[in-house]
Structure formats: C-alpha cells, structure tokens
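Working notes, beginning with the structure itself.
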Amino acid sequence: MEIVGFNIDQLTYWDWFGLALICLVIELAISGVYFFWIASAAVVVGLLLLVVPAMSWKWQLLIFSVDAIASIFVWKYFFSKQGAQPDVLLNKRDQKYIGYSFVLDDDIESGCGYVSIDDTRWQIQGDDLPAGTRVKVVSVKDQILFVEKEN
C-alpha cells in the first residue's frame, strides 16, 4: 500500500527511529510530554522490527498505537498527579513565613520592629523583645509579620 509516495508495506526500523526523533524534536519545541511517549512507542516498534524483521505493517501500526495510547494513559494516571502542584502561596510570600522562627537582629520597641529574612526587610509586630530573642511568626496581615517569643 502506497501513501503519498511512501510504501507502507516496506516500513523498517529506521522509519520508526526517524519518527521517534521527529517526536522528540517536537517535544523539545512545545514541551507537553505527550510526544515523548509517542516517540517511546516508535522506538519500541523499531526495536521489535530489529528482532522480527518480517513483521507486517498492520502489526507495527497496532503495536505502535496501543503502546502510545497506553503509555500516555499510564503517565497521566500515575505520574502527572505527582508532578509539580500549583504553589498557592506563589504571590503571597509573606504567608510562607507563618510558623517560621528566627532570631531578632534588632529590638522590638513599642510593639514594632524590623527583621531581615532572606533578601527582604520585613516589618514585625509583637511584644517588646530585645535583640537576640528567638521569635516565631504566628500570623501575617498587610505584609506585617506578627511574632511571639518562642519557648
């Protein structure tokens, strides 16, 4: 059977390896992981053709189709759920510090003070405490960290 100048009856392992390479290039270009699994199915059929060179094109397409669909479903079911979950606090950096403990660099006077955490200077509120006291962030409001002395 000939399709657009290509004789499907004469598929070789090189054709399948070529399809795998094309799928991997597409995967690199658009990144969605689906083309990776299609490429892996093409490699499986190519390797099978190395072992059984007389395999008919119908079996090749059947094995390729089943393998590609099955591997995508297996990936979606088992692995995509374990992937990166959306960071609900991504744009609420101050909320990430609730429960965070640190040692005061400066005194808290009249209930207010400042502390440097990572690369940012944060305003803090809490009981008056001297520098060197270990405190814990208990809540956040309007980008002000509320702290209390840690026991």
Side-chain angles (χ1 to χ4, degrees), residues 1-106 112-126 133-151:
M1 175 192 281
E2 190 168 317
I3 300 174
V4 190
F6 181 76
N7 192 350
I8 199 165
D9 293 326
Q10 297 176 351
L11 283 173
T12 66
Y13 59 90
W14 286 115
D15 297 319
W16 291 105
F17 292 154
L19 176 62
L21 183 62
I22 290 169
C23 288
L24 288 174
V25 168
I26 292 171
E27 179 66 37
L28 289 172
I30 64 172
S31 182
V33 184
Y34 294 104
F35 281 97
F36 173 79
W37 297 112
I38 295 170
S40 70
V43 167
V44 167
V45 175
L47 292 173
L48 281 173
L49 271 177
L50 284 172
V51 176
V52 185
M55 187 186 311
S56 75
W57 67 271
K58 294 174 186 176
W59 278 105
Q60 293 175 43
L61 291 180
L62 178 68
I63 292 168
F64 172 72
S65 301
V66 169
D67 189 14
I69 292 169
S71 60
I72 289 172
F73 279 113
V74 166
W75 171 75
K76 282 292 271 183
Y77 184 75
F78 288 108
F79 299 111
S80 68
K81 292 179 183 175
Q82 297 173 3
Q85 297 296 318
D87 186 358
V88 294
L89 298 177
L90 179 64
N91 292 322
K92 299 177 183 176
R93 195 169 110 193
D94 54 354
Q95 298 290 323
K96 292 182 181 182
Y97 292 121
I98 294 176
Y100 185 87
S101 295
F102 56 91
V103 176
L104 292 175
D105 295 330
D106 300 319
C112 293
Y114 290 90
V115 67
S116 294
I117 303 174
D118 297 329
D119 62 347
T120 306
R121 187 160 166 87
W122 293 92
Q123 183 178 357
I124 58 174
Q125 286 188 1
T133 305
R134 181 169 278 288
V135 294
K136 181 177 184 178
V137 178
V138 292
S139 65
V140 176
K141 183 178 180 189
D142 298 326
Q143 296 186 339
I144 299 172
L145 307 178
F146 291 86
V147 298
E148 63 184 29
K149 185 177 179 180
E150 191 171 66
N151 296 330

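Using a 4.5 Å heavy-atom cutoff, the side chains of Glu150 and Val135 are not in contact. Looking only at side-chain heavy atoms (C-beta outward), Tyr34 and Ile72 come within less than 4.5 Å of each other. The closest side-chain heavy-atom distance from Leu28 to Leu24 is not below 4.5 Å. Looking at Leu145 and Gln125, their side chains never come closer than 4.5 Å, going by heavy atoms from C-beta outward. A heavy-atom distance below 4.5 Å is not found between the side chains of Asp67 and Val45. In this structure, Leu50 and Phe17 have side chains that are in contact, with non-hydrogen atoms separated by less than 4.5 Å. Using a 4.5 Å heavy-atom cutoff, the side chains of Val115 and Val147 are not in contact. With a 4.5 Å cut-off on side-chain heavy atoms, Val137 and Phe146 do not count as touching.
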Self-check item: Test log, rule side chain to side chain contact (heavy atoms under 4.5 Å, CB included), inputs Met55 and Ile63
Solution: CA-CA 11 Å; Met55 187 186 311; Ile63 292 168; 3.8 Å; yes

Quiz prompt | Audit row: Val140, Ile98, side chain to side chain contact (heavy atoms under 4.5 Å, CB included) steps and yes/no | solution = CA-CA 7 Å; Val140 176; Ile98 294 176; 3.8 Å; yes

Quiz item: Taking it one step at a time, do Leu62 and Trp59 satisfy side chain to side chain contact (heavy atoms under 4.5 Å, CB included)?
Solution: CA-CA 5 Å; Leu62 178 68; Trp59 278 105; 3.7 Å; yes

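Thr12 contributes atom OG1, which lies 8.5 Å from atom CD of Gln60 (distance to the nearest 0.5 angstrom). Note that CH2 of Trp57 is 9.0 Å distant from CG of Leu11, once rounded to the nearest 0.5 Å. Atoms CD1 and OG, on Ile38 and Ser65 in that order, are 10.0 Å from each other to the nearest 0.5 Å. Of the inter-residue distances, the one linking Ser139 atom OG with Glu148 atom CD reads 9.0 Å to the nearest 0.5 angstrom. The distance from the NZ atom of Lys141 to the CG atom of Asp94 is 13.0 Å, given to the nearest 0.5 Å. The CG atom of Asp105 sits 11.0 Å away from the OG1 atom of Thr133 when rounded to the nearest 0.5 Å.
Taking all atoms of both residues into account, the shortest heavy-atom contact from Val43 to Ala20 is CG2-CB, 3.6 Å. The minimum heavy-atom distance linking Ala68 with Ala41 is given by the pair N-CB, 3.6 Å. Annotation for Leu49 and Tyr13: closest pair CD1-N, 3.7 Å, computed over non-hydrogen atoms. Of all the heavy atoms in Gln10 and Asp15, the pair that sits closest is O-OD2, 3.8 Å.
Ring centroids of Phe64 and Trp16 are separated by less than 6.0 Å, placing the two rings close together.
Aromatic ring orientation, Trp37 versus Trp75: tilted (interplanar angle from 30° to 60°).
No more than 12 heavy atoms of other residues, nucleotides or ligands shown are found within 6.0 angstrom of OH on Tyr114. Atom CZ of Phe102 has more than 12 neighbouring heavy atoms from other residues, nucleotides or ligands inside a 6.0 Å radius.
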